Amino acid sequence: MLSTDKLSCNILADLLVAHGVKHVVLSPGSRNAPLIVALNRRGELTCHVVIDERSAAFIALGMSVQSCEPVAVVCTSGTALLNYAPAVAEAFYRRVPLIVISADRPEEWIDQDDSQTIWQQDALAPYVKRSCDISARIDFPNGPWWTDRIVNDAILEALSGRRGPVHINVRLDAPLNGSAQYPAGSARVIESIAPRDELPVVEARRLGTMLASPKKIMILAGFDSPDEKLNRALGRLADLPNVVVLTETLANLHSPKFVSRIDSTLCRMTAEEKERLLPDVVITTGGALVSRFVKEWLRSAAHLEHWHIGASHTTIDCFRHLSLRVELRPAIFMSQLASAMQPHRTPSEYATEWRALSTRAAKCHDRYVAASPWSDLKALAYIFDRIPRTWNLHLSNGTPVRYAQLMDCSHIHRSDCNRGVSGIDGSTSTALGASAIYRGTTLLVSGDMSFQYDISALSSTLVTPRFKIIVMVNGGGGIFRFIGSTSSLPELEKYFAVGTRLPLEGLAKAYDMAYFSASSIDELPEAFRAFADESARPAILAIHTDPHTTADTLKDYFKNEN
């Protein structure tokens with residue numbers, strides 16, 4: 001195979017293929033030209049070109065989230081690498097195996113006023129599981145062996161234990177356009193086998209005994225990919241009378257046995273109900289919780305045990321009551337726990353009371369939405385109820401993900417949001433990357449400020465008719481009109497909810513996207529129908545609402561009087 005003459009680049013391409021990487025997101029550059037040549041000439045890799053490095057990294061993130069496989073992202077030297085930081089941080093806290101590859105100058109040229117030279121090694125150190133630096137010259141006796149070893153080590157680290165991003169910095173010396181024959185697949189591959197861990201039967205039985213009725217047990221699931229085995233195990237646990245399972249929208253766990261609208265339920269509960277229904281033990285799985293209500297409620301408890309299940313990079317004590325870490329896949333643990341608790345099934349009203357409160361809250365929600373004025377809540381209640389079952393849903397941070405918490409999303413195929421760090425940047429690119437992997441339709445629901453951050457994603461050649469976007473045009477920064485820290489400040493309109501100059505119709509025309517809009521509940525049904533039916537082009541639906549009405553409607557929703 002004719003490839004670059006940079007052996008390090010060819011070894012890297014070999015090992016990406018060997019460890020299961022199928023997609024590589026590349027950004028054009030000069031210093032990374034040998035990397036692009038080595039990767040492009042491997043037929044096993046699908047290479048996608050994205051000019052903007054910040055968007056490229058989020059697109060790679062979305063691809064990896066959707067495929068549950070490692071994805072590589074490659075940039076040139078200099079500040080290009082620093083543009084990866086937001087997506088890499090998100091990948092770290094979301095446990096996504098991004099393989100970050102940066103081209104670099106030889107070390108002797110750093111700080112010598114040569115162009116595009118900065119200290120790149122360890123630039124992402126706080127947000128990657130492993131950083132390694134490959135020398136520009138590996139033509140010494142142990143050079144290829146050393147390169148094999150550290151690249152294998154980095155990729156295995158991304159895929160082991162608590163998965164996450166790694167950074168491989170590849171120093172390349174001029175000339176950069178040389179070529180040479182390279183026998184593809186000749187790099188030494190180091191494999192790793194992790195045994196399937198399970199709790200010893202005695203330990204599982206001990207934990208099952210500890211959780212027996214009359215103890216009140218709450219299982220609380222944060223963001224995660226769909227997991228049918230975990231869903232079944234939690235269903236078995238939810239059948240126990242002293243166990244309630246609370247799931248956030250992003251947990252992607254669905255059953256009529258679960259309480260899935262946590263915020264709606266908690267805000268309708270009286271002080272007496274909250275006190276009486278505090279759990280004795282809360283067991284958490286998945287990532288960071290969206291619900292501020294449940295976090296504040298559990299933190300306020302005087303006595304509470306908290307068990308966290310799943311591989312963690314540190315001790316996560318979100319409720320300030322952590323007593324047990326279980327470094328085990330949640331599906332395995334919950335399945336064992338369900339079996340261990342079956343012999344201890346005794347009468348309890350705990351689960352029954354929670355389901356009754358959930359039903360009451362759902363009825364209150366329906367009445368409130370029916371009577372509410374045109375607002376984000378009114379519009380999104382209509383839309384969420386009509387998202388086709390086969391669509392994947394992506395939500396931007398800010399208010400869209402919070403509105404999703406209030407809705408019945410049990411029919412939605414999959415829901416995702418960048419909640420690892422909860423930044424509003426990169427939402428469009430992440431959804432776009434996921435849409436490049438998912439063969440069905442991917443819908444992004446975004447706030448206008450979040451959408452403004454990431455307009456460059458629309459220029460990508462990855463945009464297809466399977467990608468649809470709903471933008472809530474509510475004056476920008478709608479969350480600042482709702483949250484207590486900013487909503488009452490006199491600086492609100494000037495410095496927080498600052499509005500956006502967002503010419504959505506013009507953008508849609510420029511990028512050859514179908515455009516639809518609605519400014520009332522009367523206009524929305526026809527606009528949404530046409531938007532959903534559009535199959536020739538990617539589509540944008542702009543929903544225009546008054547920012548003040550929207551904020552007031554959401555604030556009133558959480559008053560326990562509806």
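Just so we're clear, the structure is a prediction, and the values are computed from it rather than from any experiment.
- Counting only heavy atoms from C-beta outward, the side chains of V166 and I155 never approach each other to under 4.5 Å.
- No more than 12 heavy atoms of other residues, nucleotides or ligands shown are found within 6.0 angstrom of OH on Y453.
- Both cation-pi conditions hold for R162 and F92: the charged atom is under 6.0 angstrom from the six-membered ring centre and inside a 45 degree cone around its axis.
- Checked for salt-bridge contact, E526 and R529 meet the test: a charged N lies under 4.0 Å from a carboxylate O.
- Of all non-hydrogen atoms in V71 and M63, the two that sit nearest each other are CG2-CB, 3.9 Å.
- Looking at S225, P330, S335 one by one, the single match for side-chain contact (heavy atoms from CB on, under 4.5 Å) with L230 turns out to be P330.
- Geometrically, K468 engages F531 in a cation-pi contact, judged by NZ or CZ lying under 6.0 Å from the ring centre and within 45° of the ring axis.
- Screening S55, S456, S460 for a side-chain hydrogen bond (donor to acceptor under 3.5 Å, both in side chains) involving S429 leaves a single residue, S55.
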From CA spacing to verdict: side chain to side chain contact (heavy atoms under 4.5 Å, CB included), N418, L61 = CA-CA 10 Å; N418 286 342; L61 174 77; 3.6 Å; yes
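- A side-chain N or O of T284 and one of H308 form a donor-acceptor pair less than 3.5 Å apart.
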Are L82 and E53 close enough, and set up right, to give a side chain to side chain contact (heavy atoms under 4.5 Å, CB included), and what steps lead you there?
-> CA-CA 9 Å; L82 303 183; E53 282 89 359; over 6 Å; no
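- With hydrogens and angles ignored, the 3.5 Å screen pairs no side-chain donor or acceptor of K257 with any backbone N or O of V244.
- Contact of the T249 side chain with the S260 side chain is not registered, since no non-hydrogen atoms from C-beta on lie closer than 4.5 Å.
- The structure places OG of S450 at 13.0 Å from CE of M472, a figure rounded to the nearest 0.5 Å.
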Pair K559-D556, salt bridge (charged side-chain N to carboxylate O under 4.0 Å, His left out): steps then yes or no | CA-CA 5 Å; K559 294 178 180 176; D556 289 343; 3.1 Å; yes
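- The backbone N or O of L289 lies less than 3.5 Å from no partner atom in the side chain of R292, so there is not a single donor-acceptor pair.
- Heavy-atom neighbours of F258 CZ from other residues, nucleotides or ligands within 6.0 Å: above the threshold of 12.
- Among residues two or more places apart in sequence or in another chain, the side chain to side chain contact (heavy atoms under 4.5 Å, CB included) test is passed with Q452 by I455, T500, L502.
- With S358 contributing its side chain and R355 its backbone, the two residues share no donor-acceptor pair below 3.5 Å.
- Between F293 and F558, the distance separating the two ring centers is shorter than 6.0 angstrom.
- For the atom pair OG1 (T390) and CD1 (I387), the distance works out to 11.0 Å, reported to the nearest 0.5 Å.
- Here R236 does not pair with D239 in a salt bridge; the nearest charged N to carboxylate O distance is not below 4.0 Å.
- Taking 4.0 Å as the cut-off between side-chain N and carboxylate O, R261 and D263 do not count as a salt-bridged pair.
- In this structure, W297 and P279 approach most closely via the heavy-atom pair CH2-CD, 4.0 Å.
- Side chains of S264 and Q405 form no contact here, defined as non-hydrogen atoms less than 4.5 Å apart.
- A donor atom on one side chain and an acceptor atom on the other are not found under 3.5 Å apart for H394 and T442.
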May I have the step-by-step check of side chain to side chain contact (heavy atoms under 4.5 Å, CB included) for R163 and V96, ending in yes or no?
-> CA-CA 6 Å; R163 299 171 70 169; V96 177; over 6 Å; no
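- The aromatic rings of H365 and Y557 sit perpendicular, their planes meeting at an angle over 60°, well past the 30° parallel limit.
- Summarising the geometry of A379 relative to W374, their closest heavy-atom pair is CB-CH2, 3.7 Å, with the distance given to 0.1 Å.
- Across P86 and D425, no two heavy atoms sit closer than the pair CB-OD2, 3.3 Å.
- Residues H23 and S67 have side chains not in contact (no heavy-atom distance under 4.5 Å, counting atoms from C-beta outward).
- Residues D546 and T549 bring a donor and an acceptor atom of their side chains to less than 3.5 Å of each other.
- Listed for the D52 side chain is no donor-acceptor partner under 3.5 Å among the backbone atoms of A457.
- Annotation: the span from I383 atom CD1 to L524 atom CG amounts to 5.0 Å, rounded to 0.5 Å.
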Can I543 and V471 be said to form a side chain to side chain contact (heavy atoms under 4.5 Å, CB included), step by step?
-> CA-CA 6 Å; I543 298 180; V471 181; over 6 Å; no
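- Side-chain N/O atoms of T550 and S375 include no donor and acceptor closer than 3.5 Å.
- Between the CD1 atom in I521 and the OG1 atom in T545 there is a gap of 11.5 Å [rounded to 0.5 Å].
- Side-chain atoms of S102 never come within 3.5 Å of backbone atoms of L81 as a donor-acceptor pair (strictly under, hydrogens ignored).
- Considering CG of L443 and CG of L541, their distance stands at 9.0 Å, rounded to 0.5 Å.
- Note that R386 lies in the cation-pi zone of Y382, set by a 6.0 Å cut-off to the ring centre and a 45° limit from the axis.
- Side-chain atoms of Y368 never come within 3.5 Å of backbone atoms of K363 as a donor-acceptor pair (strictly under, hydrogens ignored).
- A salt bridge links D416 to R94: at least one charged side-chain nitrogen sits closer than 4.0 Å to a carboxylate oxygen.
- Considering all non-hydrogen atoms of both residues, V65 and R414 come closest at O-NH2, 3.0 Å.
- For the atom pair SG (C47) and CG (L26), the distance works out to 4.5 Å, reported to the nearest 0.5 Å.
- Considering every non-hydrogen atom in both A536 and P465, the closest pair reads O-CG, 3.4 Å.
- Annotation: salt bridge (charged side-chain N to carboxylate O under 4.0 Å, His left out) contacts of R42 (sequence neighbours excluded): D14, E44.
- Two residues are said to be in side-chain contact when any heavy atoms from C-beta on lie closer than 4.5 Å; L35 and I101 meet this criterion.
- With 3.5 Å as the limit, one finds a donor-acceptor pair spanning the side chains of D408 and S410.
- Residues I36 and V49 form no side-chain contact, since every pair of their non-hydrogen atoms from C-beta on lies 4.5 Å or further apart.
- Side-chain contact between L220 and I283 is absent, with no heavy atoms from C-beta onward closer than 4.5 Å.
- The closest side-chain heavy-atom distance from T285 to D224 is not below 4.5 Å.
- Aromatic ring centroids of H167 and Y84 lie 6.0 Å or more apart.
- Note on K509 versus E505: no salt bridge recorded, every NZ/NE/NH1/NH2 to OD/OE distance being 4.0 Å or above.
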